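So that the names make sense, note that chain A is the first sequence line, chain B the second, and so on, each numbered from 1. These numbers come from a predicted model, not from an experiment. Because only heavy atoms are used, hydrogens play no part in the values below, and waters and symmetry mates are left out as well, while side chains stay in.
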Amino acid sequence: MSEIPKAYEPQAVEEKWYDFWLKQNCFTANPESAKPAYSIVIPPPNVTGMLHMGHVLNNTIQDILARKARMDGKEVLWLPGTDHAGIATQAVVEKALRKQGVMKHRDDLGREKFLEHVWAWKEKHGGIIIQQLKKMGCSCDWTRERFTMDPAYSQCVQKVFVELYKKGLIYRGKRMVNWDPAARTALSDEEVEMTETKGHLWHLKYPLLDDKGQPKADEFLVVATTRPETMLGDEAVAVNPTDPRYAALVGRRCLLPLQNKSIPIIADELVDPKFGTGCVKVTPAHDPNDYAMAMRHDLPLTVVIGPDGRMTGEAGGGFAGLDRAEARKTVVEHLEKLGLILKIEDYVHNVGYSQRTNVPIEPYLSEQWFLKYPSVEKATGCVELPEDKGAPGGNSPDAPPVEATARPAPDAQEAIDTKALVPALHVAKGSAGQTTPIAISNLTPSPSESNASSERMRFYPDRWSKTYSHWMGNLRDWCISRQLWWGHRVPVWYRKSEGRNPKTELSAADIHCAVEAPTDAENWEQDPDVLDTWFSSWLWPFATMGWPEQTPTLKKFYPTSDLVTGPDIIFFWVARMIMAGYEFMGDLPFRNVYFTGIIRDKQGRKMSKSLGNSPDPLELIAKYGADALRFGTMRSAPLGQDVLFDDKDVELGRNFCNKLWNACRFRQMQGGEVQAEIEPSLLTGDDKWILLKLDQAIRDITAAFEAYRFNEATQTLYRFFWSEYCDWYVEASKAVLSRPVEASERQSVKAEDAPTLQRSNAPPSADDARRANTIAVIDFVLSHTLRLFHPFLPFITEELWHGMGYHADMPADQGGATIMFAPWPKPLDDDFRGHYGLDASHLDVVNAKYDLVTQGRNLRREGNIPSSKKVKFVFKPAKPLSPHDAEVLKLLLNAEALEVDPAHQPQKGTPTVHSELGDLYLPMEGLIDVAAEKVRLSKELDKINGEIIRTEQKLSNPNFTSKAPPQVLQEHQQRLAEWQAKRDRVQKALEALQG
RNA sequence: GCGCGGUUAGCUCAGUGGUAGAGCACUUCCUUGACACGGAAGGGGUCAGAGGUUCAAACCCUCUAUCGCGCACCA
């Protein structure tokens, strides 16, 4: 045992056990298992991504949940995989190919050649993040790893497209979409980030035309715009129909400068007369509102900005080919020369930026595929809102009906009918106002799905459910087509035809929408677009499990149990998965959603590549160990709050692992039988104290798990193990352990050589038996503690589980082979407590003892006695003190001797502390700074008196005594008595100083 | 504009009605046989402000200030 290193060295340990777990197939889920199922699907990271702190937080939580579930006896599937991440991956590869000089634009290569490069890239880099997850200790079932572009997965995506198309939910249309000119693709609304931007409001003068179409001298309409370059495509000026200022002008025309084109003045209600001049320039092809107006007024659509963000030929000779930003400058210059700019104001407004390429979004009219969301009502109703959780009938009478207006009456009626037909289904918990949203979730699922649970879903923290339901209540059709090459190609073919644009004016017979290409493929042309990446990710919970086949995996593990993800993808992913779950599986995809916070740096800034403030988790693992990274992250990540991450957190984790290591090392050095039977009659007060503290820790940690409060669990573990076990119990136990042992015994302490060695050489003595019993208690506590820690610290706990020999007498599948399957500790039950005589009353005496130790140490400190110097204490017990307790006091006070003298008469001026157990004296005359000690005690006395007055006031208040619950009243009375006793002790100590 | 969240020790944060907590940092002491990635003792907070509810408020309600986030949006 002396070979055990003094400090924990994680590297070799982590690699060893991860390999072991893989070889033993510990992570592989068995769908035939009789155990209850527990499943999580990983939020698939980008296939070309690298591990960052967000992944660490997210996947640590998933691993903790998975490992805890295994210890709870569940059959666990944590299904991993990666996402092809269309735009991101394509952009990365394009950049690399340009850098290598392979191409300037992907058109140089052509679709097939380019895709070969992307696949090659994926093969080379796609596994990196998976390897990184393994370094973290993630217990994913790697045999089931999936990729969203796997052939089977692609089939699912296509099947879903075809189904939704046939249902009429997917359609193609020419619409104003969010266009990313850098990536040259359409985006969904969710991919546009509105950012407050400092810009200008240009006030442009458009000359009025008279009846003959001639500009009238000095008569202008003034329009205000943030985008002067779009004026090249203007087709009208609009005013509000009720605006008296312009009523006479409606129907007349004005001159569009630069283009020298006559455009009409129209009236439209969209115009806000109060904003600016009340006149709006209308650019139908480049603004959604203007487009809407153009439809109403039958205006032409003049496209002046092309898909690449450059001005088109329609923009006119001086502008064609210019980038939109350059065009803005040039237009303004020209208008200034013509004197047509009235003024330029500074103006702060919101501009949409592409989330991917960070360039301003261009509203762009184009032909795209759209999806009208399916299963919206079920998906909306299934998530519990915070209001739903109130006690039955607990709504205050004046509270407005919840969401009453948001639900259309027919749905409510239908829901109630359904509920009546299916009485076994979940019954609404709330009052009448809440019935509707709850009942909607109980709409009968498609009959083909037999495992429909009809349960509700909960969000943690639940406030996100409001965000969710708000979005669900305001759905707009989803633009699912992307003008990219990397992704699932739209499974639609158009019949080729000479001299006709194949994508327009087609009859139904000319469109083939199916998973398979048409048999006479040569006569058809496939739609070139691919689908939004999220259109594949939304199928993740079941497409990864073999859907549409009813595979054993799917039957056993769908719906999944928990989803762990970031709130930033509620709309992108979570909401869409819920809809897909109901639409294609007839049931919700997961029961609980845990939303992590966002990891920020210690200044509160988001982690980002450009700031360079994102630590590399792998470096942290190399420096501190994976367990340390996990523990440090979890300890500082409360439910629902952002995490301000600091390397110090990981350092704390490392220190903690080292503490755990050394505590076990200490146990090893004691030798003796491993996990021997505990003999109740030999238990000391300290033993009972730590067993009760362990019991409380088990309860608290288990409760924290149930509430998904992982930081609370880690903090409880930290406190229990470091403060209670190491600082107090281990130190106190040395009173028993470090009694002189015989030479023959010393040698027997080499447990590694003979783990089950009985200490049979020495003749049995009372001390030996007590020593063995203390070791048994230590083993009991440590073997439980290791299990409590395992979900957080998988590696070190496995190493110690084996190193300490705690696996030895467990069944192979219950901790014998690995701690992973050891049963989760249960609170100590009544039988156990009865057998070992554990009673909360033991806590008081031991607490008082430890309190006396602290006070005694403080005396030393006040007396400037170095910690190392042994001094003699005298103890005057108030009631008989056991020899064991006396020994503990002596040891913890680092006393040379502790003289127990019930009749002790201290000299005047002897520093003294008083406690429930008795009085402790430090007879070291002249060593104490009497004046300073007096000041300290007086200060303490003031504080105590303050507390006494406060408590007395409360207790003398008849309102308090009559209205407070008896238990609280009693607590206060007890507290007062305690403070009074304390006051007396301090006063006595003060008097003792009055030499 | 609407919604959500934060404001507690020097720093980062826990703490949902009944005696204000942790880690780090700080002061002093200690390399004693698990651990200096350690041990001991200690200093430090009118819980952003104001009002209200209550016997009792960091906690519940209202308002204000301030920081952050999301949604919507009129050029």
From C-beta outward on [X], which listed nucleotide comes closest to its side chain: [options]?
{"X": "A:N858", "options": "B:rA34, B:rA41, B:rG18", "value": "B:rA41"}
{"X": "A:E971", "options": "B:rG42, B:rG18, B:rC35", "value": "B:rG18"}
{"X": "A:R975", "options": "B:rU19, B:rC73, B:rC37", "value": "B:rU19"}
{"X": "A:H470", "options": "B:rC71, B:rG5, B:rA34", "value": "B:rC71"}
{"X": "A:A7", "options": "B:rC35, B:rC74, B:rC37", "value": "B:rC37"}
{"X": "A:W722", "options": "B:rG39, B:rA41, B:rA34", "value": "B:rG39"}
{"X": "A:W979", "options": "B:rA34, B:rU19, B:rC35", "value": "B:rU19"}

- Note on the structure: Reading nucleotides 54-59 of chain B from 5' to 3' and marking B where a protein heavy atom lies under 4.0 Å of the base, S where only the sugar-phosphate is that close, and - otherwise, the string is -B----
- Item | Distance below 4.0 Å between A:K466 side-chain N/O and B:rG3 OP1 or OP2 |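 Indeed not, no polar side-chain atom of A:K466 lies that close.
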Going by the rule ring pair (Phe, Tyr, Trp, His ring centres under 6.0 Å), which residues pair with [X] if we only count those two or more places apart in sequence or in a different chain?
{"X": "A:H297", "result": "none"}
{"X": "A:Y624", "result": "none"}
{"X": "A:Y291", "result": "none"}

Set out, line by line, the N/O atom pairs under 3.5 Å between protein and nucleotides 22-32 of chain B.
residue, atom, partner, partner atom, Å
B:rA22, O2', A:R635, NH2, 2.9
B:rG23, O4', A:R635, NH2, 3.1
B:rU28, O2', A:R861, NH2, 2.4
B:rU28, O2, A:R861, NE, 3.3
B:rC29, O2', A:S867, N, 3.3
B:rC29, O2', A:S867, OG, 3.4
B:rC29, O2, A:S867, OG, 3.2

- Item | Distance flag, aromatic centroids of A:F459 and A:Y468, threshold under 6.0 Å |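 Yes, ring centres under 6.0 Å apart.
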- Modelled atom types, side-chain donor and acceptor of A:D234 and A:T283, under 3.5 Å: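 Checked: A:D234/A:T283 side chains pair up, N/O donor to acceptor below 3.5 Å.
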- Query: Any stems for RNA chain B, made of 3 or more Watson-Crick or G-U pairs in a row, each with both distances under 3.5 Å?
  - Reply: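 If one scans RNA chain B for consecutive Watson-Crick or G-U pairs, the stems found are B:1-7 with B:65-71, B:10-13 with B:21-24, B:26-30 with B:38-42, B:48-52 with B:60-64.
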- Which part of the nucleic acid does A:V223 contact within heavy-atom distance under 4.0 Å: base, sugar-phosphate only, or nothing?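 Nothing, no heavy atom under 4.0 Å.
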